[in-house]
Structure formats: structure tokens, C-alpha cells
Amino acid sequence: MTRQPSFNRAVFQLLFASAALVGTAADAQSYVTDPESGTNVSVASTVSRAEVLADLKVYQESGLAAAERAAAETGQDTPALLAARQRYATLRQGDRYAALVAEYAARRGEAHRPA
């Protein structure tokens with residue numbers, strides 16, 4: 001009888017791991033609400049993982065992440081926030097962003113489509 005609880009635990013762990021994998025796959029899809037019917041509709045992303053990672057990097061490098069946190073605490077847009085938004089927009093349109101996308105795509109083995 002001592003094997004029964006360990007067997008049950010193993011089965012539970014296997015089921016839990018399977019559910020976690022299925023849940024992760026479902027979370028990778030985006031959903032939007034159809035304004036006419038009010039139902040959720042699955043939408044495939046047009047942005048690659050490399051583009052998301054590059055965008056996050058320039059967001060942090062521009063200082064926009066820190067400026068937005070500070071603005072959220074004060075509840076006011078500051079000149080520093082406006083300057084960070086401008087730096088982010090410049091980085092996002094520049095060579096730095098494109099280089100980061102190519103770098104992340106190469107690291108992940110993704111196909112890279114230059115802009």
C-alpha cells in the first residue's frame with residue numbers, strides 16, 4: 001500500500017504538467033472582442049518574438065520604462081517622460097532596433113524579415 005500514494009502523486013504531477021503545457025499554448029494566442037457580436041475572436045500575432053524582445057530593450061534603454069514608473073507614482077506627465085518617449089520613438093525607428101531584432105532572431109534561430 002505504500003506504493004499507491006506515490007503512484008497517485010506521479011499521475012497527478014503528470015496531469016498537472018500536461019495541463020500547464022496546454023495552458024501555455026493557449027496563452028500564446030491573442031483574443032479581441034468582435035464589436036458586432038461581442039464574442040472573443042482569436043488573432044494571430046504579426047510580431048515575432050525577436051521584435052518583442054528588441055522593443056523591450058529599446059523601451060528600457062530609452063529610459064521610458066523608468067520615466068513611466070515615476071509618472072505613475074506622481075500622476076503627472078513630466079518633461080523627463082516626454083523626452084523619454086521621444087528617445088524611445090527615435091530608437092524604435094533606428095538602426096539599433098533593427099540590429100537587436102536581427103541579433104535576437106539569430107539567437108533564437110528565427111527567420112528574420114528585415115524592415
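Counting begins at 1 with the first residue of the sequence. Remember, predicted model here, so these are calculated numbers, not experimental data.
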**OP:** Measure across Val47 and Val52 and return the closest heavy-atom pair with its distance rounded to 0.1 Å.
**Re:** CG1-CG2, 3.7 Å
**OP:** Name all residues meeting the side chain to side chain contact (heavy atoms under 4.5 Å, CB included) criterion together with Thr90; count only those two or more places apart in sequence or in a different chain, and write none if there are none.
**Re:** Gln86
Extract all donor-acceptor atom pairs below 3.5 Å that involve side chains of residues 94-103 and protein atoms in other chains or at least two apart in sequence.
from	atom 1	to	atom 2	distance (Å)
Arg96	NE	Glu61	OE1	3.1
Arg96	NH2	Glu61	OE2	2.5
Tyr97	OH	Arg92	NH1	3.4
Glu103	OE2	Arg107	NH2	2.4

Original post:
Nearest heavy-atom pair of Ala80 and Ala67: which atoms, and what distance?
Top reply: O-CB, 4.3 Å
**OP:** Keeping the roles fixed (side chain from Glu51, backbone from Ser48), state whether a donor-acceptor pair exists under 3.5 Å.
**Re:** yes
**OP:** Can you sort out the partners of Tyr104 under side-chain hydrogen bond (donor to acceptor under 3.5 Å, both in side chains), two or more places apart, ordered by chain and number?
**Re:** none
**OP:** Any salt bridge (charged side-chain N to carboxylate O under 4.0 Å, His left out) involving residues 66-83? Give me the pairs, sequence neighbours left out, ordered by first then second residue.
**Re:** Asp77-Arg85
Original post:
Closest heavy-atom contact between Gly63 and Arg87?
Top reply: CA-NH2, 4.3 Å
Original post:
Do you know the tightest heavy-atom contact between Tyr59 and Tyr88?
Top reply: CA-CD1, 3.6 Å
**OP:** Return the set of residues passing side-chain hydrogen bond (donor to acceptor under 3.5 Å, both in side chains) with Arg49 (not counting sequence neighbours), or none when no residue passes.
**Re:** none
Original post:
Hey, are the side chains of Leu81 and Gln76 touching, using non-hydrogen atoms and a 4.5 Å cut-off?
Top reply: no
